[in-house]
Protein chains: 2
Amino acid sequence: MTQSVGYREVKADLLAQIRSGAFAPGALLPGEEELCRRYGAARATVNRAMRELAEDGLIERKRRAGSRVREAPLRQARFAIPLVRVEIESQGAAYRYALMRSRILPCPDWLRARLALPEATQMRHLACLHFADERPYQFEDRWISLAAAPGARDADMAALGPNEWLVRNVPFSTAQISFSAYAADADAAQMLGCAPGESLFRVERQTWREGASITYVSLLYRAGHRMTTTVGAG
Amino acid sequence: MTQSVGYREVKADLLAQIRSGAFAPGALLPGEEELCRRYGAARATVNRAMRELAEDGLIERKRRAGSRVREAPLRQARFAIPLVRVEIESQGAAYRYALMRSRILPCPDWLRARLALPEATQMRHLACLHFADERPYQFEDRWISLAAAPGARDADMAALGPNEWLVRNVPFSTAQISFSAYAADADAAQMLGCAPGESLFRVERQTWREGASITYVSLLYRAGHRMTTTVGAG
DNA sequence: TAGTGGTCTAGACCACATT
DNA sequence: ATGTGGTCTAGACCACTAA
């Protein structure tokens, strides 16, 4: 081993042994005490290395039973979901935002069912376009419950955009995000400047605070968009 | 605070104060020493709570400058990427797999460019269908580099499926995953039993080991598929 | 240059699951 | 019953960076 025996070294060394097959899938790893002796480190140090390997999905830990290399390394990916503005700017493009429609109306049935809202909840419905270098990049179709966020009734969404307004004004506790493919309807096609029926990448998100639904949003990206992440660079 | 003063309590309490606005966005949090006094905990305990809050994207930590509540809480979602078999079985459906095509051929140009492979690399190309309760669920189009995984040339993929074979036989170090929408071509439409041009959710993944490309796969899901995750339940 | 977070140590107690 | 991981403590040194 090296001189410094930090948890990073311990983790990297164990990782290398797992990848090389020295610790085969399903194999029992040495206990923490044993690893302390091998690496000359304190238990807290070894523990942190092992805990992170477990979080990364490479090993499985159980009291009394010890730590085992996972048979099928748990595949998990972390996606960053930045504000559109940040996403566009980080690509070196100029960001512009336009509020296309805004109105107050009762929650439609399909959304009431989805958000489990009581009947006759008033919502603010917004349609927005986000441009990258003056080309439509994302079409945002958003619903905000005025019961959960009364301030949204009169807030000016022309300058900042509902997403940033919500981030600043309405904290949330839980969100559900889902990704899917969506065939462009006439409205979306016109907004994004593509053919109707074109295959678009869609992100849907709904958020709650203490059980109460705050907002639902559908984000349609221009054709060809990819959401990418890299995994396991450790 | 409570009696036990574990890092979970400290974390939960700080989280509640952030969400309630007691610590506003941008605000400077007390230093670790100060928090130790307030909670009556050791610094390692407070440190773990703060470190996890930082990992969760809620606060930002800098040496000397202290810890601040993030202006825009960093949104990140973790997706589990299980084996299709596990995904289908966990929905309570019966899993079946069928190998539709398998051949050995030189890497096509578009893929060579994408994987940065040398010319004339031999690949095994496979087309597979994964069924849930006898309905097509996912169409897998896979390429495996025989340079990186020679064993794949003669491996029997009829019983197990290339994904599971790879998991068991070829460790990988890095993967790139991307999500997008894809308009069904004739082949995919026939495989999945949908109309050509239908909007399908696609997952693409490529993996490397020590700089060498191992495999590229495109996974097309049946129409209507959603990939969902929940965030911030803490 | 001083204050903050990052990390390590040595020791301890406990919860839990397997035996 | 016993061994393993989960967590906490008290103290220490260090790296970084804002002032």
Side-chain angles (χ1 to χ4, degrees), chain A residues 1-15 17-18 23-71 73-74 233-234, chain B residues 1-15 17-18 23-71 73-74 233-234:
Chain A
M1 304 305 99
T2 64
Q3 291 256 359
S4 29
V5 289
Y7 78 94
R8 292 161 183 283
E9 280 96 346
V10 175
K11 184 182 175 185
D13 190 69
L14 290 170
L15 184 57
Q17 297 204 46
I18 290 171
F23 292 129
L28 188 63
L29 294 169
E32 297 195 352
E33 299 276 10
E34 168 63 20
L35 290 172
C36 289
R37 281 192 292 276
R38 288 198 198 174
Y39 290 104
R43 228 194 96 197
T45 302
V46 168
N47 179 270
R48 181 159 179 192
M50 297 286 274
R51 185 174 5 113
E52 293 199 358
L53 286 174
E55 277 170 13
D56 294 347
L58 285 148
I59 67 174
E60 227 169 353
R61 317 195 73 193
K62 262 190 245 168
R63 282 173 160 125
R64 168 80 215 203
S67 303
R68 291 181 178 279
V69 180
R70 273 193 194 273
E71 294 284 353
L74 184 61
Chain B
M1 305 311 96
T2 63
Q3 292 257 359
S4 29
V5 291
Y7 78 94
R8 292 160 184 283
E9 280 95 346
V10 175
K11 183 182 177 186
D13 190 70
L14 290 170
L15 184 57
Q17 296 203 48
I18 291 171
F23 292 129
L28 188 63
L29 294 169
E32 297 195 350
E33 298 275 9
E34 168 63 19
L35 290 173
C36 289
R37 281 192 292 277
R38 287 199 199 174
Y39 290 103
R43 228 194 100 200
T45 303
V46 168
N47 179 270
R48 180 158 180 195
M50 297 285 275
R51 189 184 349 124
E52 292 200 357
L53 285 173
E55 276 170 13
D56 293 348
L58 285 148
I59 67 175
E60 227 168 354
R61 317 196 73 193
K62 262 191 243 165
R63 280 169 160 133
R64 167 80 214 204
S67 303
R68 292 182 176 279
V69 179
R70 277 198 130 92
E71 295 284 353
L74 185 59

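Chain naming here is simple, since letters A, B, ... match the order of the sequence lines and numbering starts at 1 in each. Quick note: numbers below take in every heavy atom, side chains included, and nothing from hydrogens, waters or symmetry partners.
Of the candidates B:Leu28, B:Leu53, B:Leu29, B:Leu35, B:Ser67 forms a side chain to side chain contact (heavy atoms under 4.5 Å, CB included) with just one, namely B:Leu29.
Base engagement by B:Ala44 is indicated by at least one non-hydrogen atom pair under 4.0 Å involving a base atom.
Between B:Asn47 and the phosphate of C:dG6, there is a side-chain N or O to OP1/OP2 separation shorter than 4.0 Å. Dashed line: the shortest gap from a side-chain N or O of A:Arg48 to OP1 or OP2 of C:dC8 is not under 4.0 Å. Dashed line: the shortest gap from a side-chain N or O of A:Ser67 to OP1 or OP2 of D:dT4 is not under 4.0 Å. Using a 4.0 Å cut-off, no side-chain N or O of A:Thr45 falls inside it from OP1 or OP2 of C:dT7. Residue A:Tyr7 has no polar side-chain atom (N or O) positioned under 4.0 Å from OP1 or OP2 of C:dC8.
The residues A:Glu33 and A:Arg37 are annotated as not salt-bridged, no charged nitrogen and carboxylate oxygen being separated by less than 4.0 angstrom. Salt-bridge annotation for A:Arg68 and A:Glu60: absent, with no side-chain N of the basic residue lying under 4.0 Å from a carboxylate O of the acidic one.
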> Could you go step by step and tell me if A:Met50 and A:Leu14 meet the side chain to side chain contact (heavy atoms under 4.5 Å, CB included) rule?
Replying inline: CA-CA 9 Å; A:Met50 297 286 274; A:Leu14 290 170; 3.7 Å; yes
>> For a side chain to side chain contact (heavy atoms under 4.5 Å, CB included) check, start with the C-alpha distance between A:Ile18 and A:Ile59, then their side-chain angles and the critical distance, and finish with the verdict.
In response: CA-CA 9 Å; A:Ile18 290 171; A:Ile59 67 174; 3.8 Å; yes
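The stretch residues 49-64 of chain A comes close to DNA chain C through A:Arg63, A:Arg64, each having a heavy atom under 4.0 Å from the strand. Only at 4.0 angstrom or more do the heavy atoms of residues 23-31 of chain B sit from any atom of DNA chain D, so none qualifies.
A donor N or O paired with an acceptor N or O is found under 3.5 Å between the base of C:dG6 and the side-chain atoms of B:Arg43.
Of the inter-residue distances, the one linking B:Arg61 atom CZ with B:Glu32 atom CD reads 4.5 Å to the nearest 0.5 angstrom.
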